[in-house]
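Every chain is numbered from 1 and lettered A, B, ... according to where its sequence line falls, protein lines coming before strand lines. Predicted model, so just to flag it, every value in this text is computed and none were measured.
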2 protein chains.
Amino acid sequence: MYSYEYPRPALTVDCVIFGLDKHTLKILLIQRAKEPFAGSWAFPGGFVDMDETTENAAKRELEEETGIQDMFLEQLYTFSKVDRDPRGRVVSVAYYALVKMQDYKISAADDAQDARWFAVDQLPPLAFDHQDIFSVAMERLRGKLRYQPIGFELLPEKFTLSQIQDLYEAVLGKKLDKRNFRKKILSMNLLVDLQERQKGVAHRSAKLYQFDRNNYLALQEKGFVFEI
Amino acid sequence: MYSYEYPRPALTVDCVIFGLDKHTLKILLIQRAKEPFAGSWAFPGGFVDMDETTENAAKRELEEETGIQDMFLEQLYTFSKVDRDPRGRVVSVAYYALVKMQDYKISAADDAQDARWFAVDQLPPLAFDHQDIFSVAMERLRGKLRYQPIGFELLPEKFTLSQIQDLYEAVLGKKLDKRNFRKKILSMNLLVDLQERQKGVAHRSAKLYQFDRNNYLALQEKGFVFEI
DNA sequence: CCAAAAGTGTTCTCCATACACCCATGC
DNA sequence: GCATGGGTGTATGGAGAACACTTTTGG
């Protein structure tokens, strides 16, 4: 019926990289130097090699663009509109990544292109169908954050309760009650009290916590389901 | 950096088709006639044409195999292990479909191959990485069923409360309390009481209901979230 | 001493859960 | 009349939501 020699779409990956800048959720974009969409901003991405999985391709692109290794990375969706790239048929597997912005000062990418962080509610016009990709990514992040402890991937190793709450408020787009939020998150036994405090703040300093990944895995085995 | 003329992986779609047979969740498999994996069972699928989206390719394959149109169809995940197909590099975008088995008596496919429904807990060995695809599909179905009203896609238009409950029990793999289940599902106002009853059963006949899609969409607008 | 954020308890409402018996129908 | 599944109500406990003031610290 079909032959392995039929014309094939080109296969690429695109990466939506989320970072948290104080109270603002941001994504990393790259300004395109060439046509099509020269001057427009786009997600970092590139072609999938014959000897790598799409996930490896995404990791490779991420490292090339940001130098970051070992970040949270998850497949998002595969975009295949026939005319999504004016140069020809290109199917793209999109991934999204969560990075700890503080740890890595990604000012510009390794290559000549301009790379910048943009607040998710102040994006420039995006190239290709990247606006669609962004919408799907935002929706996924919002959904996942509620029932999986992935928010910690956006925070520094040591963080305060207010930082987590700010994160949740930034992503979910609504205010949460401080007392109820703390009660809930502490009752899950997923945070280790580091017996340390913030430094260099002009007010009462907050206690620092760390996410207890091991206990999360152990609890998960017993049927525990994270939810906020 | 990259050229559009680089070698490209082949691109296929595979479809996990779920159906409900009384109390049993089943999937449709096709027996392979040729090598590799001749005689093994596999999900229906095929190559993506240059002028169709992956979703259209999946729909086309589904129609070719089952004759069904307009079923629930959703992208599942893209599988890209380098050696997943012994014939060469093939990346596959998997979809899953929910069909009303009663409506369509899919005994065998249009073409010569053997197509059969298998209970999900009694599957034969599967070709390629289709066991992985199946695992992801089951997990997705279980997850989605709880917070989106997609179960109705597996039931006839008119169904009884026991039928929905059986469906949930089959997919989630556990018994549910009859009174609590009914209370919950009726309280959502998503079921229209058709003022009709089952026929041809050797016991008290049950009331028939229909899913109220319009009201679901209206409620969703107002922030209602389905959950069982 | 002032500004700024940290930290903390109680009440109420509502929803999930547990649980057992009678009813209608066809054979 | 009996076997089979249909259909129904209540009591309890626990979790989510609402809500405001005191504490600490640096400047």
| said: Without decimals, in angstroms, what is the distance between B:F181 CZ and D:dG5 C1'? | reply: 16 Å
| task | Take nucleotides 10-18 of chain D nucleotide by nucleotide from the 5' end and write B, S or -, depending on whether a protein heavy atom sits under 4.0 Å from the base, only from the sugar-phosphate, or from neither. | result | B-----SBB
| field | Atom-pair distance (CE on B:M188; P on C:dC15), nearest Å | value | 13 Å
| Neighbour count >12 (heavy atoms, 6.0 Å) for atom CG, B:D193 | yes
| said: Any donor-acceptor pair under 3.5 Å linking the side-chain atoms of A:Y95 with those of A:E74? | reply: no
| To the nearest angstrom, how far is A:L186 atom CG from C:dT8 atom P? | 8 Å
Polar pairs (N or O, both sides) under 3.5 Å between protein and nucleotides 2-6 of chain C?
unit_1, atom_1, unit_2, atom_2, d
C:dA6, OP1, A:S162, OG, 2.8
C:dA6, OP2, A:S162, OG, 2.8
C:dA6, N7, A:K178, NZ, 3.3

| query | Looking only at side chains, do B:R182 and B:S162 share a donor and an acceptor under 3.5 Å apart? | reply | yes
| said: Heavy-atom count check: over 12 atoms from other residues, nucleotides or ligands less than 6.0 Å from B:Q148 CD? | reply: yes
| task | Please report, rounded to the nearest Å, how far the C1' atom of D:dG5 is from the NZ atom of B:K175. | result | 12 Å
| request: Could you verify whether a donor N or O on one side chain and an acceptor N or O on the other, from B:S80 and A:T53, lie under 3.5 Å apart? | output: no
| field | Sidechain-backbone polar pair: A:D177 side chain, A:N180 backbone, donor-acceptor under 3.5 Å | value | yes
| query | What integer distance in Å separates B:L161:CG from D:dG7:P? | reply | 6 Å
| query | How far does CG of A:D14 sit from CZ of A:F134, to the nearest 0.5 angstrom? | reply | 14.5 Å
| Under 3.5 Å: donor-acceptor pair, side chain of B:Q210, backbone of B:K158 | no
